[in-house]
Amino acid sequence: QQGPLTELVAVLSSLLGFCCLGVLFSNIATALDRRHSHTRLFHDRLANLQAASQQHAIPKELYGRVKRHYYYVWSCGSDTSKAIP
């Protein structure tokens with residue numbers, strides 16, 4: 001014989017569990033997005049470099065040096081989300 005208080009505790013426990021699960025998934029998604037944002041920014045910078053080289057008369061030597069620099073910074077594991085002066 002379960003009373004209404006037992007059912008109320010069960011419902012509240014279930015809701016609390018669902019909320020905790022939602023927070024967990026949210027934290028995982030945020031962590032993955034932060035990690036991929038660095039990759040996305042790296043590729044955006046390469047795309048911007050390519051677009052700038054097509055739009056302006058940038059010498060191939062300079063284009064190659066800048067591209068190698070971006071790859072070097074990326075390979076060092078540097079935080080590319082910081083502004084490059």
### Query
If you round to the nearest 0.5 Å, how far is NZ of Lys60 from OH of Tyr63?
9.5 Å
### Query
Is there a chain of hydrophobic side chains (I, L, V, M, F, W, Y, each step under 4.5 Å between heavy atoms) that links Leu21 to Leu12?
no
### Task
Examine distances only and state if a side-chain atom of Ser26 and a backbone atom of Gly22 form a donor-acceptor pair shorter than 3.5 Å.
no
### Task
First locate atom CG of Leu46, then atom CG of Leu41, and finally report the distance between them rounded to the nearest 0.5 Å.
10.0 Å
### Query
How long is the gap from OG on Ser53 to CG on Asn48, to the nearest 0.5 Å?
11.0 Å
### Val23 reachable from Ile28 in the ILVMFWY side-chain graph, under 4.5 Å edges
no
### Query
Quick check: are there more than 12 heavy atoms from other residues, nucleotides or ligands sitting under 6.0 Å from CD of Gln54?
yes
#### Entry: Cluster overlap Phe18 with Val9, hydrophobic side-chain contacts below 4.5 Å
no
#### Entry: Minimum heavy-atom distance between Tyr70 and Phe42, given as atom pair plus value
O-CE1, 3.4 Å
#### Entry: Straight-line distance of Lys67 NZ to Leu62 CG, nearest 0.5 Å
13.5 Å
